[in-house]
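Just below is one structure, and these are the notes that go with it.
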Amino acid sequence: MFYDFASGKRMTGILLLSLLACGCAGGAVTESGRHPDPAAMLRPALRETHRIVATARMDLSTVQGHYPLRAALILQRPSYLRLEMLPVIGTPDFFLSATPREMRIWIPSQGEFYVGQPSAENMSRFLPWTLNLEDLVMILSGSFPPLDGAHWSYGDSAEGGALRVDMKTVSGPSQTIWMENSGRLTRFVRYGSDGREVYSVRYEDYTPGLFLARKILIQRADNTLSAFVEYSDVNIEETADLSVFALPAPDGAKIIRLD
């Protein structure tokens, strides 16, 4: 079930994907036992107490068509998300709130309130990509998700005046990340276990003084989906209070369990 936020009909949803690219190019390779974290190179990195509050303009192109959308977003790493679709006229008709334990979705026009785990499978019922919550939040907050698996390695090298980091697992997906010398992430590519590119993400137009890109472009290698996200009215707050990510069920709503 996909929800059409623009018209109120079922459709092929909204946002983003899951990441990475391949190969362990030049430079020393650090083995998985030390578990280095390339995200630490994104200095100064957003911390888990940093909350991003923004309005986003989204342009989605799928095999079903083109969907321009606007949304209010609240993000907090590693896996907290609140999203409210903003129609051209009228009141919002789609609300999503997700934490590491639970995802909740409220569709007022249908009186339906969905509750379930924030799994990739459940997210894909409303979003066009199969992503888990942490991957989605990390991309939208201008970073990249960690690689799954206990055994992985990475290598870094200079490329065109920038830093390139190649991450790979013993088996499964891998990714390549590019960042400026200042530490700002510019793009990354995800590859599947067969070595083929799955999708790429670009980060552009950084907010002055902040390590947060205002433009994010996601493109599937098979051209079945692309998404452009442009932030405006961005605020970054420091708080450990996560109550904003609680979405209570309205009185009279039809509760639908996803699991």
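All residue numbers in this chain count up from 1 along the given sequence.
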Requested in this report: Please confirm whether the backbone N or O of Tyr206 pairs with a side-chain atom of Arg184, one donor and one acceptor, at under 3.5 Å?
Outcome: no
Query raised in the report: Counting only N and O atoms by type, is there a donor-acceptor contact under 3.5 Å from the side chain of Thr186 to the main-chain atoms of Trp178?
Result: yes
Report task. Please test Arg51 against Val244 for side chain to side chain contact (heavy atoms under 4.5 Å, CB included), starting from the C-alpha separation and ending with a verdict. Result -> CA-CA 11 Å; Arg51 175 177 300 162; Val244 69; 3.6 Å; yes
Query raised in the report: Any link between Trp106 and Leu83 through a network of hydrophobic side chains (Ile, Leu, Val, Met, Phe, Trp, Tyr) touching at under 4.5 Å?
Result: no
Query raised in the report: Quick one: does Arg57's side chain have a donor or acceptor within less than 3.5 Å of a partner on Phe228's backbone?
Result: no
Requested in this report: Would you kindly confirm whether Leu73 and Val137 end up in one hydrophobic cluster when ILVMFWY residues are joined by side chain heavy atoms under 4.5 Å apart?
Outcome: yes
Query raised in the report: Any chance CZ of Arg202 has more than 12 other-residue heavy atoms, nucleotides or ligands included, within less than 6.0 Å?
Result: no
Query - Closest contact, heavy atoms only, Phe113 versus Pro248 - result: CE1-O, 3.6 Å
Query - Heavy-atom pair with the smallest gap, counting every atom of Leu86 and Ala71 - result: CD1-C, 3.9 Å
**Report entry** Plane angle bin for Phe126 and Tyr114 - parallel if under 30°, tilted between 30 and 60°, otherwise perpendicular
**Finding:** perpendicular
Requested in this report: Quick one: closest heavy-atom pair of Leu60 and Ala227, and the distance?
Outcome: CD2-CB, 3.4 Å
**Report entry** Pairwise distance OG(Ser141) to CD1(Ile236) - rounded to 0.5 angstrom
**Finding:** 9.5 Å
Report summary line: So CG of Leu163 and OG of Ser157: to nearest 0.5 Å the spacing works out to 7.5 Å
Query - Under 3.5 Å donor-acceptor, Asp259 side chain and Gln117 backbone - result: yes
Report task. Using the six-membered ring wherever Trp is involved, compare the ring planes of Phe188 and Tyr203 and label them parallel, tilted or perpendicular (cut-offs 30° and 60°). Result -> tilted
Query raised in the report: Going through the checks in order, is the side chain to side chain contact (heavy atoms under 4.5 Å, CB included) test met by Asn122 and Met103?
Result: CA-CA 9 Å; Asn122 283 340; Met103 178 178 71; 3.7 Å; yes
Query raised in the report: If you measure only the distance, is there a donor-acceptor pair under 3.5 Å linking the side chains of Gln64 and Thr62?
Result: yes
Query raised in the report: What pair of heavy atoms forms the shortest contact from Asn223 to Gln219, and how long is it?
Result: OD1-NE2, 3.3 Å
Query - From CA spacing to verdict: side chain to side chain contact (heavy atoms under 4.5 Å, CB included), Val115, Glu102 - result: CA-CA 7 Å; Val115 181; Glu102 189 175 65; 3.1 Å; yes
**Report entry** Phe245 reachable from Leu136 in the ILVMFWY side-chain graph, under 4.5 Å edges
**Finding:** no
Report task. Flag the pair Asp93 / Ile107 as yes when at least one side-chain heavy-atom distance between them is below 4.5 Å, and no otherwise. Result -> yes
Query raised in the report: Atom CG in Asn132, atom OG in Ser124: separation rounded to 0.5 Å?
Result: 11.5 Å
Report summary line: Nearest heavy-atom approach of Pro92 to Met85 is CB-O, 3.1 Å
Report task. First locate atom CZ of Arg82, then atom CG of Leu75, and finally report the distance between them rounded to the nearest 0.5 Å. Result -> 12.5 Å
Report task. State the CE-CZ distance between Met138 and Arg77, to the nearest 0.5 angstrom. Result -> 4.5 Å
Query raised in the report: So, Asp241 and Thr239: side-chain donor and acceptor under 3.5 Å apart, yes or no?
Result: no
Requested in this report: Would you check if there is a donor-acceptor pair between the side chains of Thr49 and Glu238 at a distance under 3.5 Å?
Outcome: yes
Requested in this report: Please assess Asp166 against Arg164 for the test salt bridge (Lys or Arg N to Asp or Glu O under 4.0 Å), listing each intermediate value before the final yes or no.
Outcome: CA-CA 7 Å; Asp166 295 279; Arg164 169 176 172 159; 3.0 Å; yes
Query - Taking every non-hydrogen atom, the tightest pair across Leu133 and Ser79 - result: CD2-O, 3.0 Å
Query - Same apolar cluster (I L V M F W Y, side chains within < 4.5 Å links), Val198/Val201 - result: yes
Query raised in the report: Does Glu48 offer a backbone N or O that forms a donor-acceptor pair with the side chain of Tyr80 under 3.5 Å?
Result: no
Query raised in the report: Do His66 and Ser61 come within less than 4.5 Å of each other through their side chains, counting heavy atoms only?
Result: yes
Query raised in the report: Atom CD of Glu84 and atom CZ of Arg70: how far apart are they, to the nearest 0.5 Å?
Result: 10.5 Å
Query raised in the report: Side chains of Tyr231 and Asp205: does their closest heavy-atom pair fall under 4.5 Å?
Result: no
Query - Intermediate values then yes/no, side chain to side chain contact (heavy atoms under 4.5 Å, CB included), Ile52 and His50 - result: CA-CA 7 Å; Ile52 300 171; His50 284 148; 6.0 Å; no
**Report entry** Any Glu204 side-chain heavy atom under 4.5 Å of Leu217 side chain
**Finding:** no
Query - Cluster link Val234 to Leu140, ILVMFWY, side chain under 4.5 Å - result: yes
Query raised in the report: Short question: side chain of Asp233, backbone of Thr55 - any donor-acceptor pair under 3.5 Å?
Result: no
